[in-house]
Protein chains: 2
Amino acid sequence: MADEHALIQCLPAHLREEAMASAQRVRLNPGDMVFRAGDGCRGLPMVLSGSVRVQMLGASGHGIVLYRMGADDLCTLSIGCLMAGRGYRAEAHVEEPTEALLLPSVVFDQLMAQSGEFRQRVMASYGRRLDDLMLLVEEVAFGRMDQRLTGWLRAHAVGRPAAVTHQALAVELGTAREVISRLLKEMERQGQVRLARGKVEYLER
Amino acid sequence: MADEHALIQCLPAHLREEAMASAQRVRLNPGDMVFRAGDGCRGLPMVLSGSVRVQMLGASGHGIVLYRMGADDLCTLSIGCLMAGRGYRAEAHVEEPTEALLLPSVVFDQLMAQSGEFRQRVMASYGRRLDDLMLLVEEVAFGRMDQRLTGWLRAHAVGRPAAVTHQALAVELGTAREVISRLLKEMERQGQVRLARGKVEYLER
DNA sequence: GAGGCTCAGTGATAAAGTCACATTGGTTAT
DNA sequence: ATAACCAATGTGACTTTATCACTGAGCCTC
């Protein structure tokens with residue numbers, strides 16, 4: 001049971017103590033929202049364990065999942081909000097019971113100044129996120145929906161059925177619920193998938 | 001004629017001198033490519049003046065413009081590549097005569113450690129880029145092509161015709177050339193636009 | 001066992017993407 | 001100047017996605 005974030009563990013003892021002393025420990029439950037679009041940012045969240053989904057809401061009411069934060073991730077989005085002093089553009093939903101630290105921005109800056117390893121990890125984390133988003137842009141712009149859906153199912157619904165509604169899948173891939181319903185129905189006809197209310201199982205061949 | 005990047009100017013004198021001493025000055029011309037997909041990263045580029053377009057190539061051969069770098073921007077993408085030690089995923093095309101500095105990554109890290117203002121600006125720049133990409137995802141996922149096209153024209157082709165081909169517009173918006181051709185033709189029929197080979201002018205009403 | 005939920009299915013139509021060519025305008029070589 | 005060439009644009013036919021407006025199905029509660 002890691003009690004500290006990898007980013008904290010990598011710090012020399014005196015900085016680590018200071019970080020832990022000023023950080024606020026947060027416990028979140030599935031369904032909670034960490035922040036909503038427009039919210040101000042009150043510190044830098046670092047996820048210790050669990051999973052948080054970050055998504056955007058389009059004008060049409062549709063949404064799309066941008067990325068997820070898991071153990072040892074930090075919320076790169078928040079850094080931008082802290083620096084620019086504007087609100088979040090996305091919203092974050094807790095998916096699994098999650099523990100997190102909320103680090104005051106002053107302390108964050110101090111750690112950035114004083115620990116090379118901390119800097120390194122933060123920048124790397126930022127790079128990864130940028131990369132994720134670039135891949136997402138490419139997928140959304142050029143990917144075919146049936147292949148994106150199959151990709152998701154292969155990653156999440158092999159072996160045992162995944163507990164997910166068509167609506168949730170639509171948000172996951174940034175499309176409309178009807179599109180998912182039709183694609184799944186077709187895949188079912190072809191025996192690639194087994195469907196039940198709120199469940200989808202992908203059948204490997 | 002600013003001789004230094006805003007990020008350099010904000011540094012205290014001794015750091016500034018060190019930065020300028022170790023940075024390599026680069027002059028680029030329209031058509032040059034700063035980096036291609038897969039290239040390794042040899043330092044952190046900072047744009048002094050000019051304009052560089054960063055875009056991705058999809059599997060289908062289509063591309064999409066992710067963002068542009070202009071005066072006083074730094075290439076956030078490169079930071080990720082430097083930190084993670086992997087190649088670029090996108091490619092960068094010079095659009096206008098451009099001057100840039102190439103800062104060794106060791107020096108970059110040193111500046112991050114020693115100047116709060118530098119840190120602040122770098123992180124803010126990162127935040128902006130992240131934000132740009134999130135907006136792009138939303139637009140690509142939910143925006144209507146005719147409205148996105150109109151938006152581009154309003155920003156670039158009012159008053160005098162913009163020198164741009166349908167193909168270039170397609171890459172700009174991440175779609176196929178035929179789609180742009182048809183939309184423009186329709187707008188021409190409705191008198192919203194004047195067309196010529198390699199030129200588009202938007203007619204405000 | 002009757003409502004009242006949320007979840008899923010579907011027809012009709014519009015928007016966007018794909019493929020395969022036809023045309024056109026401008027440049028270059030003879 | 002004329003032919004030849006090439007990049008840019010136009011278009012038809014067809015597929016895939018998105019949108020709108022419903023209908024039907026499963027499940028829970030009273």
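Since the model is a prediction, treat every value here as computed from it, not as a measurement. Lettering follows sequence order; numbering is per chain, from 1.
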Exercise for the section: For B:M145 and D:dT16, give me the distance from atom CE to atom P, rounded to whole Å. Expected result: 19 Å
Completion exercise
Between CG of A:L184 and P of C:dC7 the distance, given in whole Å, is 15 Å
Exercise for the section: By nearest nucleotide on DNA chain C, pick out whichever of A:S181 and A:A141 is the more 5' one. Expected result: A:S181
Handout entry: Presence of donor-acceptor pair under 3.5 Å, side chain of A:R197 and base of C:dT6
Key = yes
Exercise for the section: Decide, yes or no, whether a salt bridge links B:D39 with B:R36 under the criterion of side-chain N to carboxylate O below 4.0 Å. Expected result: no
Exercise for the section: Please tell me which of the listed nucleotides, D:dT19, C:dG9, D:dG10, lies nearest to the side chain of B:K185? Expected result: D:dG10
Problem - Nucleotide C:dA16, atom C1' - distance to CD of B:Q147 in whole Å - result: 14 Å
Problem - Nearest to side-chain heavy atoms of B:D146, which nucleotide of C:dG17, C:dG9, C:dA16 - result: C:dA16
Practice task
Determine the interplanar angle of the B:Y88 and B:F35 rings, folded into 0 to 90°, and report it as parallel if under 30°, tilted if 30 to 60°, perpendicular if over 60°.
Solution key: parallel
Handout entry: B:R121/B:E117 salt bridge by N-O under 4.0 Å criterion
Key = yes
Exercise for the section: Take the protein atom CZ of A:F142 and the nucleotide atom C1' of D:dT15, then report the distance between them rounded to whole Å. Expected result: 18 Å
Problem - Under-4.0 Å side-chain N/O to phosphate OP1/OP2 contact, B:H166 with D:dA7 - result: no
Problem - A:T98 (side chain) donor-acceptor with A:E96 (main chain) under 3.5 angstrom - result: yes
Exercise for the section: Using atom CD of A:E186 as one end and atom P of D:dT15 as the other, report the distance to the nearest whole Å. Expected result: 14 Å
Fill in the blank from the handout: Side-chain contact check for A:T165: nearest option of C:dA8, C:dA15, C:dG17 is C:dA8
Exercise for the section: Would you mind classifying the nucleic acid contact of B:S60 as base, sugar-phosphate or nothing, using non-hydrogen atoms under 4.0 angstrom? Expected result: nothing
Problem - B:L169 CG to C:dG17 P, straight-line distance once rounded to whole Å - result: 14 Å
Handout entry: Quiz item: B:R182 side-chain donor-acceptor pair to C:dT18 base, under 3.5 Å
Key = yes
Problem - Distance, rounded to the nearest Å, where B:I180 contributes CD1 and D:dT11 contributes P - result: 16 Å
Exercise for the section: For D:dA18, take OP1 and OP2 only and decide whether either is under 4.0 Å from a side-chain N or O of A:T175. Expected result: yes
Problem - Atom-to-atom span, CD of B:Q167 to P of D:dA7 - whole angstrom - result: 12 Å
Exercise for the section: Answer with yes or no whether the side chains of A:E172 and A:Q55 bring together a donor and an acceptor at under 3.5 Å. Expected result: no
Completion exercise
Ranking D:dT19, C:dA8, D:dT9 by distance to the side chain of A:E178, first place goes to D:dT19
Practice task
Answer with base, sugar-phosphate or nothing: what part of the nucleic acid does B:R177 contact at a heavy-atom distance below 4.0 Å?
Solution key: base
